[in-house]
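Presented below is the structure to which this report refers.
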Amino acid sequence: MGSEESLWSLVPIADFQVPLCQTADAARGTMRRLRESLQGLFRARSEVPPNQKVQRHCPNADVLHTLSPALDWAAAAASLAETLGEEWFADPEPGRSVTTIVGPPGCDIAQMLQTLARDRGLTVLAAPCFQTLLESSPTSLPAFSPLEAQIDRIVVIPQLERWYLRHEDGMAVIRQLLRQIRGSEQRILIGCDSWAWAFLQQAIGIQDMLGPPLTLAPFDAERLDTWCRSIPHVRSCDIRTSDDGEAVFPDCPTADEQHTDDSRRSISAFIRNLSAHARGNPAVAMALWRFSLEQPESDAGEAEDTSEGTRTLMRATPPAQLPLPRLTDASDRIDRIILHSVLLHGGMPAARLSELLPFSETEVERRTNLMCRTDVLQQVQGRLHVSLTAYPGVRQDLRNDGFLTDAF
């Protein structure tokens with residue numbers, strides 16, 4: 001797996017396999033969750049404080065950026081173009097061809113498709129505004145024909161999750177759009193969040209209409225290790241686990257040396273467990289990786305002289321031992337309903353949540369503010385999202401409580 005593009009290969013969603021934890025790390029994580037649950041049983045709900053942020057000796061922002069740069073969605077776009085093939089883009093003959101790409105939270109499928117559209121000169125179809133979705137009805141939509149004006153163009157719909165609302169009046173627009181897609185003779189690329197896709201399959205059978213989607217191949221241990229070793233600053237650090245001091249990247253060459261043969265490299269238990277905790281989601285893996293890093297207080301600003309040269313000392317806390325943001329013991333089903341609604345819509349403006357939920361605006365605001373303070377939620381470009389570090393725990397909590405989750 002030498003090339004950047006190979007990291008971003010696409011597979012049918014049915015072929016997606018979640019990476020597995022190392023046995024010892026999985027057991028530690030299970031015991032920690034059991035211990036926390038038992039502790040919660042002996043505390044009165046009114047006495048439970050919000051999540052406390054643990055003081056850790058985190059590297060400064062510049063160092064974190066060099067150790068965990070932004071994911072390259074342009075490379076993912078190039079991989080998608082390769083999967084589709086040049087004939088798909090160049091074919092002058094009309095013919096219906098719909099390709100859907102589904103990805104979990106944090107995997108910026110929309111950016112990938114928008115990058116591809118920009119590079120290839122494709123037409124991007126933006127989603128309607130919130131009010132249009134909420135106020136539309138089947139009788140008011142005959143004139144709503146977003147595809148008709150683009151009959152001779154390849155059309156990209158990068159965020160299908162923003163074409164509906166989980167509300168009795170919020171499904172008319174997406175039903176109309178799907179009718180047009182099914183009756184169209186165009187080539188259409190669609191991106192959709194995995195939680196929205198799962199809901200739409202349950203609500204209207206979207207996969208039966210559009211066919212099985214593709215998704216990014218999971219960032220398993222091999223892909224994650226390859227990605228991390230490709231970061232020059234990683235190769236200038238001596239990164240060891242905080243519990244047993246094992247090297248996170250065994251035999252990793254320094255920044256001045258050539259890469260070792262991929263077939264001979266050893267992948268650490270830390271990387272394998274990081275991939276499993278992230279469930280193969282590269283964005284979650286990078287967020288957990290960034291959160292795991294510490295620069296030992298006694299070694300801050302210092303370095304270690306080795307036979308490979310001077311290397312900065314760093315520590316990485318194993319995923320099962322990280323003090324990740326999570327719901328407090330006082331959290332109830334209302335909090336989970338709010339989080340579920342945020343996930344089903346690929347993020348939601350805070351001011352609009354109360355219009356979709358049977359709770360007062362004041363109650364929703366109070367609860368979302370608390371979850372933002374404890375880093376379970378975060379604001380990104382005016383929309384609430386479950387934070388990537390909290391996402392694995394939130395997903396598990398919702399699944400345990402019987403909520404519909406995504407396909408991953």
Open item on the list: I'd like to know whether R162 forms a side-chain contact (heavy atoms from CB on, under 4.5 Å) with I157, so could you lay out the CA-CA distance, the side-chain angles of the two residues, the decisive distance to 0.1 Å, and finally the verdict.
Closed with: CA-CA 10 Å; R162 297 195 182 177; I157 303 174; over 6 Å; no

Task: Atom pair CG/CG of L160 and L125 - distance to nearest 0.5 Å - done: 10.5 Å

Task: Beyond-backbone contact of T317 with F291, side-chain heavy atoms, under 4.5 angstrom - done: no

Open item on the list: Quick one: does any side-chain atom of R187 pair with a main-chain N or O of W88 as donor and acceptor, under 3.5 Å?
Closed with: yes

Open item on the list: Quick one, C228 and L224 - any side-chain contact, counting heavy atoms below 4.5 Å?
Closed with: yes

Open item on the list: I need the minimum non-hydrogen distance between I204 and M209, along with the two atoms involved.
Closed with: O-CE, 3.1 Å

TODO: Compare every heavy atom of L356 with every heavy atom of M348, then report the nearest pair and how far apart it is.
DONE: CE-CD1, 3.6 Å

- [ ] May I ask you to test the I181-I190 pair for a side-chain heavy-atom distance under 4.5 Å?
- [x] yes

Open item on the list: Would the distance check show the side chain of N273 and the main-chain N or O of A320 forming a donor-acceptor pair, the cut-off being under 3.5 Å?
Closed with: no

Task: Min side-chain heavy-atom separation P128-W163 under 4.5 Å - done: yes

Task: Closest non-hydrogen atom pair between A221 and R272, with its separation - done: CB-CG, 3.7 Å

TODO: Check for a donor-acceptor pair, side chain of S236 on one end and backbone N or O of H233 on the other, with a separation under 3.5 Å.
DONE: yes

Open item on the list: Could you check whether any side-chain N or O of S79 sits under 3.5 Å from a backbone N or O of A76, counting only pairs where one atom can act as donor and the other as acceptor?
Closed with: no

Open item on the list: What I'd like to find out is whether the side chain of Q131 reaches to under 4.5 Å of the side chain of R352, using heavy atoms alone.
Closed with: yes

- [ ] Please round to the nearest 0.5 Å and tell me the distance separating atom CD1 of I101 and atom OG of S194.
- [x] 13.5 Å

Open item on the list: Let's go through T389 and D375 carefully: what are the C-alpha distance in whole Å and the side-chain angles of both, what is the deciding distance for side-chain contact (heavy atoms from CB on, under 4.5 Å) to 0.1 Å, and is it a yes or a no?
Closed with: CA-CA 8 Å; T389 49; D375 295 330; 5.5 Å; no

Open item on the list: Rounded to the nearest 0.5 Å, what separates atom CZ in F199 from atom CD1 in I206?
Closed with: 11.0 Å

Open item on the list: Can you tell me if H167 has over 12 outside heavy atoms packed within less than 6.0 Å of its NE2?
Closed with: yes

Open item on the list: So, applying side chain to side chain contact (heavy atoms under 4.5 Å, CB included) with M371, which one of V342, T328, V376 is it?
Closed with: V376

TODO: Write down the atom of L384, the atom of T368, and the distance for their closest heavy-atom approach.
DONE: CD1-CG2, 3.8 Å

Open item on the list: Looking at G346, is its backbone amide N or carbonyl O close enough to the side chain of E161 to form a donor-acceptor pair, meaning the two atoms are under 3.5 Å apart?
Closed with: no

Open item on the list: Does atom CD (Q17) have a neighbourhood of more than 12 heavy atoms from anything else shown, all under 6.0 Å?
Closed with: no

- [ ] Answer yes or no: is there a side-chain heavy-atom contact under 4.5 Å between L377 and L339?
- [x] yes

TODO: Calculate, to the nearest 0.5 Å, the distance between atoms CG and CG belonging to L189 and L214 respectively.
DONE: 10.0 Å

TODO: Answer whether the closest heavy-atom distance between the side chains of L80 and L10 falls below 4.5 Å.
DONE: yes

- [ ] Report yes or no: does R223 contribute a side-chain atom to a donor-acceptor pair with the main-chain N or O of L7 at less than 3.5 Å?
- [x] yes

Open item on the list: Let me confirm one number: the CD-CG distance from Q114 to L116, rounded to the nearest 0.5 Å.
Closed with: 11.0 Å

Task: Donor-acceptor pair, side chain of Q201 and main chain of Q207, under 3.5 angstrom - done: yes

Task: Smallest separation among heavy atoms of A278 and L288, with atom names - done: N-CD1, 4.3 Å

Task: Check against side-chain contact (heavy atoms from CB on, under 4.5 Å), L343 and F403 - done: CA-CA 11 Å; L343 286 166; F403 287 86; over 6 Å; no

Task: T215 side-chain N/O to V102 backbone N/O, donor-acceptor pair under 3.5 Å - done: yes

TODO: Please lay out, stage by stage, how E363 and R366 fare under the test side-chain contact (heavy atoms from CB on, under 4.5 Å).
DONE: CA-CA 5 Å; E363 182 68 7; R366 181 182 71 82; 2.9 Å; yes

Open item on the list: Is it the case that over 12 heavy atoms from other parts of the model lie below 6.0 angstrom from the CD atom of Q381?
Closed with: no

- [ ] Look at the aromatic rings of W227 and W8 and report parallel, tilted or perpendicular, splitting at 30° and 60°.
- [x] perpendicular

Open item on the list: I'd like to know whether CD of E361 has more than 12 heavy-atom contacts from other residues, nucleotides or ligands below 6.0 angstrom.
Closed with: no

Task: Expected output: side-chain R279 to main-chain F408 donor-acceptor under 3.5 Å - done: yes

- [ ] May I ask you to test the S387-P325 pair for a side-chain heavy-atom distance under 4.5 Å?
- [x] yes

- [ ] Taking all heavy atoms of D332 and all of R367, pick out the closest pair and write down the distance.
- [x] OD1-NH1, 2.8 Å

Open item on the list: Would you compute the distance between atom CG of L113 and atom CG of L122 and round it to the nearest 0.5 angstrom?
Closed with: 9.5 Å

- [ ] Check whether any side-chain N or O of S341 sits under 3.5 Å from a backbone N or O of I338 as a donor-acceptor pair, and report yes or no.
- [x] no

Open item on the list: Taking atom CZ as the centre, does R120 end up with more than 12 heavy-atom neighbours from other residues, nucleotides or ligands that are less than 6.0 angstrom away?
Closed with: yes

TODO: Can you label the angle between the W195 ring and the Y391 ring as parallel, tilted or perpendicular, going by 30° and 60°?
DONE: perpendicular

TODO: Answer yes if the side chains of Q396 and R399 hold a donor-acceptor pair under 3.5 Å, and no otherwise.
DONE: no

